[in-house]
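Worksheet for the structure shown next.
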Amino acid sequence: MKHNTYDVVVVGAGIVGAACADEFAGRGMRVAVVDGNSVGSGATAAAMGHIVVMDDSEAQFALTRYSQRLWEQLHAELPSEVEFDQCGTVWVAADDEEMAEVWRKQKLYKQRSVPTEVLDAKTLYQIEPNLRAGLVGGLLVPEDAVLYPPCAAAFLMNRAQKGGTKLCVGESVTHIGQGRVRMANGLEISAKFIVNAAGTASAELTPGVELKKRKGHLVITDRYPGFVRHQLVELGYVKSASSSTGDSVAFNVQPRRSGQLLIGSSRQFGAEHKEVDQVILARMVQRAQHYMPGLKQMSAIRIWTGFRAATPDKLPLIGPWPGDDSLFLATGHEGLGITMALGTAHILVDHITGRIPEIPIEPYLLSRVSQEHTHA
Ligand SMILES: Cc1cc2nc3c(=O)[nH]c(=O)nc-3n(C[C@H](O)[C@H](O)[C@H](O)COP(=O)(O)OP(=O)(O)OC[C@H]3O[C@@H](n4cnc5c(N)ncnc54)[C@H](O)[C@@H]3O)c2cc1C
């Protein structure tokens with residue numbers, strides 16, 4: 001690195017760190033990014049790339065919707081390898097109870113100006129003819145999208161570099177704080193602001209950050225163009241994603257531009273090894289086949305795992321670290337970091353530069369977790 005003093009050093013070049021670097025650079029700040037591996041190689045490389053509005057909480061809704069709109073605005077600039085496709089999400093209802101959830105979601109989204117379409121069974125089968133018989137309907141959210149996360153991170157990082165950002169890959173950071181970033185090679189960089197965007201490793205750099213690894217499996221098939229047209233998710237997904245204990249699987253299938261299908265999803269706490277877990281994989285694939293029997297005839301070409309960084313309340317940690325004016329967090333995005341990356345970068349950089357953010361940062365500050373713990 002030519003200079004060793006910057007306005008900002010971002011630690012971590014996943015999608016969140018890349019988005020932050022791009023946003024800081026776009027506002028004229030001198031930025032460096034350090035990653036122990038390479039750009040987009042952590043959870044970002046393992047992700048499905050579903051850009052999705054979610055409504056587990058108002059805070060989750062606000063950041064996912066804000067971010068989804070930012071991705072939409074960026075669409076025209078994204079190179080083809082990012083494979084941005086606004087295919088929409090279909091939330092699939094298997095019974096009347098889940099159909100009631102469709103109507104609840106539709107009402108909430110309508111109140112918040114998110115376009116949706118309630119699908120009866122006939123319309124559901126018209127738009128997704130390969131779903132199993134007997135489903136009762138669904139909810140189409142047409143502004144949701146999919147993209148290829150490692151290329152999206154690379155695009156953001158390239159743009160940051162064009163804006164003057166220095167990128168240092170293959171260099172592990174061992175210590176951050178009080179305006180200093182120390183690397184394993186002994187080099188030290190100083191900066192007015194440091195952003196810890198190290199994903200699941202954030203707590204190693206900032207002890208006290210409460211994060212757990214939540215393992216996930218994904219399968220990609222050979223090419224079957226047109227078999228699936230939207231990102232399909234069972235409504236039971238919300239229950240399994242928000243469970244804070246135990247292993248869970250849910251039907252979650254994505255069409256890729258190549259005609260391949262990405263099949264998820266699984267969630268496991270306490271599984272720290274990267275190896276494919278055959279038991280959970282079998283459960284996940286069976287769940288997908290239960291919703292789409294035609295998947296049984298398809299060939300899988302690759303299976304992989306990755307780790308989500310989960311906070312106790314599943315919301316990310318964005319904002320200052322107490323007791324150190326130089327240190328900021330942008331981490332803990334669990335299963336929504338691809339979606340939330342752009343919104344995270346905007347509100348963090350707004351906060352640091354004294355601008356009023358388009359959505360309030362307060363729900364994502366560390367203080368909300370600490371307060372909960374004090375009152376628990
Ligand atoms: C199976 C699976 C499916 C998913 N699907 C989706 C989805 O469809 N939609 C969605 O929105 N999200 C999804 N996610 C979540 C998403 O992948 C993450 O939330 C997101 O990638 C987090 O990005 P990040 O930049 O915070 O972390 P990462 O991508 O993990 O990046 C952190 C970076 O920090 C670097 N680093 C760590 N420690 C150090 C150190 N000491 N020194 C230097 N560098 C360091 C690492 O090398 C890494 O590059 C999924 C996750 C998984 C596992």
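Atoms within each ligand, like the ligands themselves, are counted from 1 in listed order.
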Is it the case that the side chains of Gln268 and Asp277 hold a donor-acceptor pair, with the cut-off being a distance below 3.5 Å and no angle test?
yes

Check: of Gly335, Ala341, Ser172, min heavy-atom distance to atom 14 (N) of ligand 1 comes from Gly335

In the protein, which heavy atom is nearest to atom 51 (C) of ligand 1, and how far is it?
Arg308 CG, 3.6 Å

Using heavy atoms and a threshold below 4.0 Å, how should the contact between Ala198 and ligand 1 be classified: side chain, backbone, both, or neither?
both

Evaluate side-chain contact (heavy atoms from CB on, under 4.5 Å) for Lys215 paired with His273, printing each intermediate quantity in order.
CA-CA 9 Å; Lys215 187 174 179 178; His273 57 87; 3.4 Å; yes

Identity and separation of the nearest protein heavy atom to atom 31 (O) of ligand 1
Gly14 CA, 3.4 Å

Of the listed options Gly199, Ser67, Ala43, closest to atom 30 (O) of ligand 1 (non-hydrogen atoms):
Ala43

Flag for Gln286-Arg283: side-chain donor and acceptor within less than 3.5 Å:
no

Please state which option from Val233, Val33, Val173, Thr331 has its nearest heavy atom closest to atom 42 (N) of ligand 1.
Val173

Pairing donors with acceptors under 3.5 angstrom, does anything connect the side chains of His230 and Glu128?
yes

From atom 19 (O) of ligand 1, work out which of Glu334, Arg267, Met340 has a heavy atom at the shortest distance.
Glu334

Under 4.0 Å from a heavy atom of Asn37: which atoms of ligand 1 are those, numbered in the order shown and with their elements?
47 (O)

Could you list the atoms of ligand 1 found under 4.0 angstrom from a heavy atom of Gly36?
43 (C), 44 (N), 45 (C)

To check you understand the geometry: which heavy-atom pair defines the closest contact between Gly12 and Val33, and what is its length?
O-CG1, 3.9 Å

Starting from atom 5 (N) of ligand 1, which protein heavy atom do you reach first, and at what distance in Å?
Met48 N, 3.1 Å

For Ser190, which residues count as a side-chain hydrogen bond (donor to acceptor under 3.5 Å, both in side chains) partner, sequence neighbours excluded?
Thr5

Does some side-chain heavy atom of Thr339 sit less than 4.5 Å from a side-chain heavy atom of Met54?
no

Nearest non-hydrogen protein atom to atom 33 (C) of ligand 1, with distance, is Asp35 OD2, 3.4 Å

For atom 11 (O) of ligand 1, grab the closest protein heavy atom and report residue, atom and distance to one decimal in Å.
Thr339 N, 2.8 Å

Against the six-membered ring of Tyr291, is Arg132 placed for a cation-pi contact (under 6.0 Å from the centre, within 45° of the normal)?
yes

Under a 4.0 Å heavy-atom limit, does Ala45 contact ligand 1 with its side chain, its backbone, both, or neither?
neither

Would you say the side chains of Asp222 and Ser299 form a donor-acceptor pair under 3.5 Å?
no

For atom 50 (C) of ligand 1, closest protein heavy-atom neighbour:
Ala47 CB, 3.6 Å

To the nearest 0.5 angstrom, please state how far the CD1 atom of Ile301 sits from the OG1 atom of Thr221.
7.0 Å

Give the residue, atom name and distance (to 0.1 Å) of the protein heavy atom nearest atom 26 (O) of ligand 1.
Val16 CG2, 3.4 Å

What protein heavy atom sits nearest atom 8 (O) of ligand 1, and how far off is it?
His50 N, 2.9 Å

